[in-house]
2 protein chains.
Amino acid sequence: MVQNLVQNLGLKGFLLLFLFALLISKSVRAQQPSLNLMPMPASVQAATGSLRVDSSFSVALTGHTEPRLERGVERFLQHLSRQTGLLLSPKPGNSARATLVLHTDHASKEIQEVGEDESYSLEVTSAGAKLTAPTPLGTLHGLQTFLQLVDVSSGGFAAPAVTIQDKPRFPWRGLLIDSSRHFTPVEVIRRNLDGMEAVKLNVFHWHLTDNQGFRLESKKFPKLHEMGSGGPYYTQEEVRDVIAYARDRGIRVVPELEMPGHSTGFFVGYPEIASTPGPFKIDEEWGVMDPAMDPTKEQTYRLLDQLIGEMAKLFPDHFFHIGGDEVNGKAWDANPKVQEFKKAHGYKSNEELQSYFSQRVQKLVTKHGKSAIGWDEIFVPGVSKDIVIHSWRGPDALAAAAKQGYRGILSNGYYIDLMWSAARHYAVDPLGGAAADLKPEQKQLVLGGEATMWSEYVNWENIDSRIWPRTAAIAERYWSPQSVTDVKSMYARLDMISQRLEWLGLTHRSQYRKMLQRIAGPATPEEFAALKTLTDVLEPVKDYTRGESTSWKAITTSPLNHIVDAVPPESDAARRFGELVDKFISTSCSDADTGGRLRAQFVSWRDNDARLQPLAQRSFLAQEVAAKSQDLSTLGAMGLAILDAIAKRQVAPDTWKMQQLTTIEQLKKPQAQLLLMPVAAVQKLVDAAAAGGTCIGNK
Amino acid sequence: MVQNLVQNLGLKGFLLLFLFALLISKSVRAQQPSLNLMPMPASVQAATGSLRVDSSFSVALTGHTEPRLERGVERFLQHLSRQTGLLLSPKPGNSARATLVLHTDHASKEIQEVGEDESYSLEVTSAGAKLTAPTPLGTLHGLQTFLQLVDVSSGGFAAPAVTIQDKPRFPWRGLLIDSSRHFTPVEVIRRNLDGMEAVKLNVFHWHLTDNQGFRLESKKFPKLHEMGSGGPYYTQEEVRDVIAYARDRGIRVVPELEMPGHSTGFFVGYPEIASTPGPFKIDEEWGVMDPAMDPTKEQTYRLLDQLIGEMAKLFPDHFFHIGGDEVNGKAWDANPKVQEFKKAHGYKSNEELQSYFSQRVQKLVTKHGKSAIGWDEIFVPGVSKDIVIHSWRGPDALAAAAKQGYRGILSNGYYIDLMWSAARHYAVDPLGGAAADLKPEQKQLVLGGEATMWSEYVNWENIDSRIWPRTAAIAERYWSPQSVTDVKSMYARLDMISQRLEWLGLTHRSQYRKMLQRIAGPATPEEFAALKTLTDVLEPVKDYTRGESTSWKAITTSPLNHIVDAVPPESDAARRFGELVDKFISTSCSDADTGGRLRAQFVSWRDNDARLQPLAQRSFLAQEVAAKSQDLSTLGAMGLAILDAIAKRQVAPDTWKMQQLTTIEQLKKPQAQLLLMPVAAVQKLVDAAAAGGTCIGNK
């Protein structure tokens with residue numbers, strides 16, 4: 001294709017075009033930090049000037065219209081009004097002289113489908129803005145982009161002049177919320193759907209059943225929710241409301257009934273379909289549990305047939321998630337009849353038995369007019385090509401499936417319950433690993449990914465801070481071109497989107513403060529500031545460390561009011577401190593301003609413990625971090641000593657370095673399931689300061 | 001009575017009793033700072049130990065029960081759970097072994113009445129707690145007291161052992177919300193009713209009509225809300241919901257239809273009852289407007305008769321507020337027929353004409369089974385003793401009315417829209433001024449007071465911060481013994497209650513931060529901190545200064561997104577700084593620690609402007625405080641110079657003092673409707689430092 005182009009343009013013309021393309025791509029990159037968009041659009045062309053946004057701002061709907069679009073514009077105007085404080089006319093008009101004119105070509109599908117056209121283009125000039133899209137899905141996305149463009153300026157609120165052509169990279173961009181381990185109140189789901197809309201996610205994967213509770217009303221099998229929920233569950237009416245709310249925001253709702261493992265919630269009311277004898281009660285602890293459905297009984301399939309039939313009607317989406325992960329096989333090993341069944345059918349392993357179960361359930365899903373999606377385990381030889389594989393294993397598993405013609409989505413790398421940094425999730429690509437080498441048509445089978453909010457240690461109060469803002473970075477991975485990978489730009493924009501998300505009612509920032517206030521009780525402003533200085537640089541332990549700690553196993557019966565529950569998964573303060581240290585080292589530790597800021601930071605840390613101790617003695621919750629507070633003090637004193645050593649510009653003895661590193665190792669140890677995050681950057685300083693290090697050597 | 005007591009006990013016994021009483025009253029006072037209760041109960045007896053509050057906490061209802069009490073306990077448990085993060089059983093039981101046992105003697109009135117028994121007693125020991133009350137009103141109040149007792153401690157959450165006997169000083173403890181100038185969404189009203197419950201206020205005075213909008217649906221006169229609201233209004237269904245919500249919290253709802261002035265809202269749809277010709281449109285500006293009802297037309301009274309009849313059915317309360325204030329008479333002077341009417345009836349003034357109107361409307365209210373309440377103006381010779389006078393004029397007016405046997409409530413001194421400090425409102429007593437000299441039976445006629453939230457510059461976003469926490473201090477004035485006047489204790493407790501009020505969903509603290517973020521736009525953390533350092537010591541101008549400023553007159557068409565809209569009415573930081581200065585001066589400026597803290601504060605202020613300027617240049621909203629930012633910098637530099645002068649312990653020349661005071665006067669000038677609050681304390685330092693001042697003279 002390039003060859004043809006060269007022939008048509010002549011070499012000179014081609015080179016000019018090439019240079020122009022370079023310029024454009026450069027201008028896009030240069031724009032990235034200044035345009036606070038997330039996800040970054042496929043193409044952004046900055047222009048001159050800006051569009052003033054004031055009380056006269058108006059929106060018109062042209063082309064195809066529908067009530068959903070009108071509601072979308074009303075919501076847009078409400079958000080714009082909240083974001084700016086401006087009084088705006090609350091309804092769309094149809095005047096071509098409106099400030100923002102929307103044009104939608106035609107309707108989207110009655111039931112939103114995977115791969116529908118979600119593209120849009122948006123042109124903003126100082127005279128007005130025009131947003132055009134083939135379908136309402138694109139229009140809704142474009143409205144969110146416009147909202148992100150509007151910001152305060154020296155002359156009032158304004159959106160910069162720009163031309164944007166945008167469409168998603170992947171058609172399946174999801175967030176899973178586990179409403180079983182901890183129930184998620186409907187209003188919490190609603191505000192998170194608002195957050196999803198803001199960052200252009202389009203699948204809400206609702207994990208409704210698990211060992212800790214069956215959360216979905218069944219009219220056919222009422223004991224499922226009455227006995228299996230342990231209290232709170234969603235009525236079908238509420239489910240319908242959530243689905244309508246999501247559809248209004250261009251979001252599909254995919255329900256998951258987890259089976260044959262993770263299904264104690266089923267067995268409390270219906271022990272007869274379990275592989276081991278009852279009675280059962282819903283689990284309260286962290287971990288993979290033994291109970292599993294009895295895959296040998298026809299009764300099991302009769303119940304599932306009716307239940308799936310009932311729920312297939314309730315949930316309009318074309319996909320139905322049947323779970324399938326983490327069956328440890330113990331319940332089957334313990335049941336002689338299951339063993340007989342395996343023998344009779346020639347199954348050599350429990351995996352083969354699970355394959356049999358999966359295929360039967362998948363056929364039930366098909367019978368009720370849906371396609372099955374399930375975790376890696378449902379991908380077994382001979383299964384219908386209609387399924388979608390949901391991979392917790394990784395891109396290699398997806399690649400293997402794609403090579404055989406199976407579609408898949410990735411969640412490995414997007415487990416936001418593991419408390420990783422946004423940067424770490426951001427680096428994961430659904431087409432990474434072995435998937436990078438797939439042929440183009442095979443790559444098409446990788447539909448996207450889902451961030452998974454497993455809720456062992458997550459409730460109404462801290463769920464927002466576990467999902468946001470990190471999920472916005474993941475959403476960018478699913479939406480934006482693969483080349484958008486600049487971590488620094490990502491964090492700069494993440495900061496802004498995080499602030500905006502709170503205008504939607506999300507509480508990921510404000511609730512942190514409230515939870516700290518609960519922990520602090522009647523504290524002086526100074527004591528509270530000392531507590532926050534400490535907790536601002538703490539992060540929860542990573543991966544499954546907390547769940548594996550003996551004293552933190554209870555997940556549904558233990559209050560989530562500890563500091564580990566309050567602090568965000570990622571410390572902004574520690575990240576910024578790390579950047580400061582990097583900057584200092586990059587100047588061979590000679591930049592006086594940076595050095596001065598580091599010194600001030602170390603002094604504040606060194607002195608913080610004395611201010612915090614009275615509070616720690618009064619509050620059992622603050623007491624949990626008393627040791628970490630001393631560690632921060634130690635780290636501050638250490639930092640000052642290192643800066644002093646650097647200032648001398650003398651080679652420090654090896655024993656000095658060894659001592660420092662020994663202390664560093666001590667400070668790295670978690671306490672109360674918390675990590676002191678600035679330690680790593682101080683370690684870099686030690687290296688830079690020690691004999692032969694950057695700061696001593698290069699001076 | 002004392003004489004009888006002395007005779008019965010003998011002098012010795014009496015003296016012992018007297019000493020005992022002294023001891024008790026002393027223990028109450030000593031308790032005040034450590035028990036974070038607001039309003040302070042009538043009697044508090046501290047005991048030893050505390051009651052642990054953990055997940056096993058339970059509540060039982062004994063004696064009289066009713067659904068309202070059950071809902072009250074559920075709400076209590078929900079709030080306790082939010083406040084502590086504990087997982088609590090969500091329902092009350094009836095076991096005498098519950099942690100907190102409630103006993104209610106009997107039902108309260110079907111429609112809550114003025115002066116019903118609201119007393120309760122609460123005994124907390126390390127073994128459990130018992131709350132007893134004659135009526136559910138007392139039980140509900142006691143639950144709020146218990147909630148305030150629970151706090152974090154070294155051993156877990158706990159309530160201190162204590163015996164409380166409590167009852168209100170005044171039976172009418174109200175908050176007026178003006179929903180006309182700016183419409184108050186129902187959810188905002190709900191969360192403010194929650195706040196009222198928390199501080200034991202019992203009257204929600206709903207100001208539903210004014211020049212800026214008629215906000216109440218009328219089935220009989222639909223043009224009132226359709227044309228007169230300019231958009232948003234309350235449906236009767238919503239009104240019923242609010243009334244039920246309030247009743248659940250022991251709160252009466254008193255509606256106000258403001259007339260014959262402040263009534264443009266009526267005239268948009270029904271110009272025929274106005275004294276001047278239409279057409280009318282609702283007002284957008286600040287001020288007292290000319291239009292008034294035509295008191296000479298029978299048509300006016302026919303409409304009011306039917307309207308009051310309709311609303312008397314909708315609002316169950318025994319009282320109906322008919323407004324009556326601020327008729328400037330211009331509309332009557334301009335109407336020849338009104339002039340004829342005055343002449344024919346022998347009325348010499350418009351006041352006499354208004355008396356005629358008031359008496360006719362008051363009779364309509366009586367006809368529909370209610371008692372009228374209205375502003376001072378309705379108190380005219382010969383009016384029925386059934387009325388209640390709502391005084392914006394002051395305690396002297398109330399005293400004059402009481403001497404003639406009329407009941408009254410006070411709002412003068414409680415106008416929270418005037419941006420006064422909590423201390424200033426706290427110092428106002430409904431039985432102050434001339435009312436202090438009333439006879440006991442006359443004092444009984446002073447029923448209490450109402451804080452008034454006039455909403456010229458108040459909308460959904462900042463209303464919470466205008467009402468709270470200051471209204472909690474006013475609520476204490478209405479509830480607690482007259483002797484509870486310690487301002488320092490009040491502020492200490494106000495801080496705590498303010499924090500707790502946010503758990504109820506009030507946003508007075510969190511929204512300030514969000515509004516600042518809107519103003520700051522995409523700012524660095526350092527820039528944002530600089531903005532907040534400045535705004536934390538700014539307060540809105542006082543009294544009617546803002547409304548009287550030409551460029552700030554538009555109240556319904558101007559966005560409330562300025563810094564003056566965001567900052568709280570009272571600066572905590574400035575108050576604390578003032579306390580620090582007082583402390584320093586009280587040690588003859590010799591306490592090194594305090595001096596050091598002052599110095600650090602001055603340095604931070606001096607250097608703040610440089611950090612803030614880049615942001616001020618980017619944001620037109622931040623730009624408004626650029627001058628005040630320079631002022632803060634000046635103040636910081638000045639403070640440092642004063643400390644230096646003090647350190648020399650030399651007599652400073654008079655010219656020095658003059659210079660300082662000239663600068664002080666400059667810094668006191670408002671800008672962008674904002675005042676720089678720490679100036680007054682720095683002025684004290686100047687006095688202390690200057691020749692002969694405390695700090696120079698006493699060394």
Side-chain angles (χ1 to χ4, degrees), chain A residues 34 36 54-55 81-88 90 151-157 231-232 459-461 492-493 495-496 499-500 502-503 507 509-511 513-515 517-525 556-562 565-566 572-573 576 597 616-623, chain B residues 34 36 54-55 81-88 90 151-157 231 459-461 492-493 495-496 499-500 502-503 507 509-511 513-515 517-526 528 556-562 565-566 572-573 576 616-623:
Chain A
S34 65
N36 284 311
D54 59 24
S55 302
S81 172
R82 265 197 234 163
Q83 182 180 318
T84 58
L86 293 171
L87 302 159
L88 301 173
D151 223 322
V152 73
S153 78
S154 57
F157 287 98
N459 66 6
W460 66 272
E461 191 170 15
R493 291 176 291 117
D495 244 21
M496 291 304 118
Q499 190 168 309
R500 280 156 190 267
E502 283 238 333
W503 287 108
T507 63
R509 294 182 165 206
S510 49
Q511 201 66 24
R513 184 170 281 269
K514 282 195 198 174
M515 291 177 82
Q517 277 166 348
R518 170 197 290 154
I519 289 162
T524 66
T556 61
T557 55
S558 244
L560 298 181
N561 57 6
H562 300 273
D565 300 307
D572 286 340
R576 293 209 180 87
R597 287 171 70 189
Q617 273 157 37
R618 277 202 317 271
S619 160
F620 74 110
L621 292 168
Q623 179 60 41
Chain B
S34 65
N36 284 311
D54 58 22
S55 303
S81 172
R82 266 198 232 161
Q83 182 181 318
T84 58
L86 293 170
L87 302 158
L88 301 173
D151 223 322
V152 72
S153 76
S154 58
F157 287 98
N459 66 6
W460 66 272
E461 191 170 13
R493 290 177 292 117
D495 243 20
M496 291 303 118
Q499 189 168 309
R500 280 158 191 266
E502 282 239 331
W503 286 109
T507 63
R509 293 182 164 207
S510 49
Q511 201 66 24
R513 183 170 282 270
K514 281 194 198 177
M515 291 177 82
Q517 278 166 349
R518 170 198 290 154
I519 289 160
T524 65
E526 290 74 24
F528 185 80
T556 63
T557 55
S558 246
L560 298 180
N561 57 6
H562 301 274
D565 300 307
D572 286 341
R576 292 210 180 88
Q617 273 157 39
R618 277 201 317 272
S619 161
F620 75 110
L621 292 169
Q623 179 62 39

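Chain naming here is simple, since letters A, B, ... match the order of the sequence lines and numbering starts at 1 in each. Every heavy atom of this structure was used, including side-chain atoms; hydrogens, water molecules and symmetry mates were not.
B:Leu87 and A:Thr557 make their closest contact through CD1-C, 3.4 Å (heavy atoms, listed as atom of the first residue, atom of the second, distance). Taking every heavy atom of both residues into account, A:Ile519 and B:Val152 meet most closely at O-CG1, 3.9 Å.
Using a 4.5 Å cut-off between heavy atoms, A:Gln517 contacts chain B through both its backbone and its side chain. Interface residue B:Arg518: backbone and side-chain heavy atoms are both found under 4.5 Å from chain A. For A:Ala520, the part sitting under 4.5 Å from any heavy atom of chain B is the backbone (N, CA, C, O) and nothing else. With a threshold of 4.5 angstrom between heavy atoms, A:Ala523 approaches chain B through N, CA, C or O but not through any side-chain atom. For A:Ser558, the part lying near chain B is the backbone, with the side chain staying farther off; criterion is any non-hydrogen pair under 4.5 Å. For A:Leu560, the part lying near chain B is the backbone, with the side chain staying farther off; criterion is any non-hydrogen pair under 4.5 Å.
Rounded to the nearest 0.5 Å, atoms CG (A:Asn561) and CZ (B:Phe157) are 5.5 Å apart.
Taking B:Ser153, B:Ser55, B:Pro559 one by one and counting their heavy-atom pairs under 4.5 Å with chain A, the maximum is reached by B:Ser153. Taking chain A as the reference chain and counting heavy-atom pairs below 4.5 Å, the highest number among B:Ala622, B:Ala616, B:Gly521 is found for B:Gly521. Listed options B:Pro525, B:Ser81, B:Ser510 were ranked by heavy-atom pairs under 4.5 angstrom with chain A; first place goes to B:Pro525. Between chain B and the residues A:Arg576, A:Arg500, A:Gln623, A:Arg509, the most heavy-atom pairs under 4.5 angstrom are made by A:Arg576. Considering only heavy-atom pairs separated by less than 4.5 Å from chain B, the leading option among A:Asp151, A:Leu621, A:Asp572 is A:Asp151. Contacts with chain A were tallied for B:Gly155, B:Ala573, B:Gly156; B:Gly156 has the most, counting heavy-atom pairs under 4.5 Å. Highest contact tally toward chain B, considering only A:Met515, A:Glu461, A:Met496, is held by A:Met496 [criterion: heavy-atom pairs under 4.5 Å]. Chain B forms more heavy-atom pairs under 4.5 Å with one residue of A:Arg82, A:Gln617, A:Lys514 than with any other, namely A:Lys514.
The side-chain heavy atoms of B:Glu502 and A:Arg513, taken from C-beta on, include no pair separated by under 4.5 Å.
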